[in-house]
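Worth knowing before you read on, the calculation uses all heavy atoms, side chains too, and leaves out hydrogens, waters and symmetry mates. Positions are given from 1 along the sequence.
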Amino acid sequence: VLEDALLELTDQPGELFAAWEKPGAAVPTRTTDIARRGEPIVGVVFFSGCTPNSTGVCEAEAYFQVFKPDGSAYGAEERAEIWIGKPPPPAGQLQLSVGAIGVQIEPQDPNGTYTVRARLRDNVSHAEVVLTRSFRVEP
């Protein structure tokens, strides 16, 4: 099972990924709930735990999708790796997903609240978790 899974949105993905690669326990994450037109906002998953298969590795993936303020799909659902072909992270230790989703709001896109959905699936245990996080686009 994917335990303690958390979907976060950041407008500083480069900073987040660089900090994650450095040794040490603290990773400063600048999360946001506001997207600026023309600038990327990235959704990442932090998780702990996944079920290893018979060879001792996990097979966890996410299906990300973004929805417009009216509830319609902003784009197609995208598959991304959470943790595939690797042993489970140490118990209780948060891990950053391998894959992420990036969104860039264009000038013609509507103002309002957008929703990012991440359907997480552990393909070994067949457990699923659905996470959502919202962001606003203002005039």
Side-chain angles (χ1 to χ4, degrees):
V1 228
L2 294 165
E3 301 164 9
D4 299 325
L6 180 66
L7 173 63
E8 290 290 354
L9 302 174
T10 180
D11 57 359
Q12 300 289 321
E15 187 180 287
L16 169 70
F17 298 131
W20 189 263
E21 294 302 318
K22 292 179 184 167
V27 175
T29 20
R30 183 174 142 186
T31 60
T32 189
D33 62 355
I34 297 174
R36 290 176 181 71
R37 294 179 190 279
E39 295 180 19
I41 187 168
V42 174
V44 296
V45 174
F46 293 95
F47 71 97
S48 66
C50 53
T51 305
N53 64 18
S54 60
T55 63
V57 297
C58 295
E59 299 172 20
E61 56 192 356
Y63 296 88
F64 289 108
Q65 193 163 19
V66 179
F67 297 92
K68 296 180 192 177
D70 68 3
S72 64
Y74 185 74
E77 190 174 64
E78 299 176 23
R79 181 187 169 280
E81 176 182 346
I82 295 294
W83 205 247
I84 296 176
K86 300 178 220 14
Q93 179 179 316
L94 274 182
Q95 181 62 49
L96 176 64
S97 60
V98 172
I101 185 170
V103 182
Q104 186 166 303
I105 301 301
E106 302 299 332
Q108 72 277 10
D109 291 331
N111 296 324
T113 301
Y114 288 70
T115 301
V116 178
R117 180 184 70 199
R119 283 190 313 113
L120 310 182
R121 179 164 171 80
D122 184 320
N123 291 320
V124 177
S125 69
H126 304 291
E128 278 198 12
V129 176
V130 177
L131 305 172
T132 59
R133 184 70 74 198
S134 298
F135 64 88
R136 291 186 325 278
V137 174
E138 299 171 346

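Rounding to the nearest 0.5 Å places OG of Ser134 at 9.0 Å from CG of Asp33. A distance of 14.0 Å separates SG in Cys50 from CZ in Arg121, rounded to the nearest 0.5 Å. Between the CD1 atom of Ile34 and the CG atom of Asp11 there is a distance of 9.5 Å, given to the nearest 0.5 Å. For the atom pair CG (Asp122) and CD (Glu128), the distance works out to 10.0 Å, reported to the nearest 0.5 Å.
Taken together through direct or relayed side-chain contacts under 4.5 Å among Ile, Leu, Val, Met, Phe, Trp and Tyr, Val116 and Phe67 form parts of separate hydrophobic clusters. In this structure, Tyr63 is not a member of the same hydrophobic cluster as Val45, with clusters built from ILVMFWY side-chain heavy atoms closer than 4.5 Å. Cluster membership for Val57 and Phe47, using ILVMFWY side-chain heavy atoms within less than 4.5 angstrom, is not shared.
Taking 4.5 Å as the limit, every side-chain heavy atom of Phe46 sits out of range of all side-chain heavy atoms of Leu7. Between Arg133 and Thr115, the closest side-chain pair of non-hydrogen atoms is not below 4.5 Å. Residues Leu6 and Leu131 are not in side-chain contact: their nearest non-hydrogen atoms beyond the backbone lie 4.5 Å or more apart. Residues Thr10 and Thr32 have side chains not in contact (no heavy-atom distance under 4.5 Å, counting atoms from C-beta outward). Under the 4.5 Å side-chain criterion, counting only non-hydrogen atoms from C-beta, Pro69 is not in contact with Thr113.
Between Ala62 and Leu120, the shortest heavy-atom distance links the atoms CB-CD2, 3.6 Å. Taking each heavy atom of Pro52 and Val124 in turn, the nearest pair found is O-CG1, 3.5 Å. The heavy-atom pair separating Ser48 from Gln93 by the smallest distance is CB-O, 3.4 Å. Residues Gly75 and Gln65 share a closest heavy-atom pair of O-NE2, 3.0 Å. Contact detail for Leu16 and Val44: the closest heavy-atom pair is CD2-CG2, 3.8 Å. Closest approach of Thr51 and Ser125 over heavy atoms only: OG1-CB, 3.4 Å.
Judged as a side chain to side chain donor-acceptor pair (under 3.5 Å), and not counting sequence neighbours, Ser54 has no contacts.
Heavy atoms from other residues, nucleotides or ligands lying under 6.0 Å from CZ of Arg136 number more than 12.
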Verdict with reasoning, Leu9 to Thr31, per side chain to side chain contact (heavy atoms under 4.5 Å, CB included): CA-CA 5 Å; Leu9 302 174; Thr31 60; 5.9 Å; no
Could you tabulate the donor-acceptor pairs under 3.5 Å formed by side-chain atoms of residues 76-84, not counting sequence neighbours?
| residue | atom | partner | partner atom | Å |
| --- | --- | --- | --- | --- |
| Glu77 | OE1 | Arg119 | NH2 | 3.2 |
| Glu77 | OE2 | Arg117 | NH2 | 3.2 |
| Glu77 | OE2 | Arg119 | NE | 3.2 |
| Arg79 | NE | Glu61 | OE1 | 2.4 |
| Arg79 | NH2 | Glu61 | OE1 | 2.7 |
| Glu81 | OE2 | Ile84 | N | 3.1 |
| Glu81 | OE2 | Lys86 | NZ | 2.7 |
| Trp83 | NE1 | Pro87 | O | 2.8 |

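Look at Asp109 and Arg37 and you find no salt bridge, because none of the NZ, NE, NH1 or NH2 atoms lies under 4.0 Å from a carboxylate O.
A donor-acceptor contact closer than 3.5 angstrom is absent between the side chains of Asn111 and Glu138.
Residue pairs meeting the ring pair (Phe, Tyr, Trp, His ring centres under 6.0 Å) criterion with at least one member in residues 119-139, sequence neighbours excluded, are Tyr114-Phe135.
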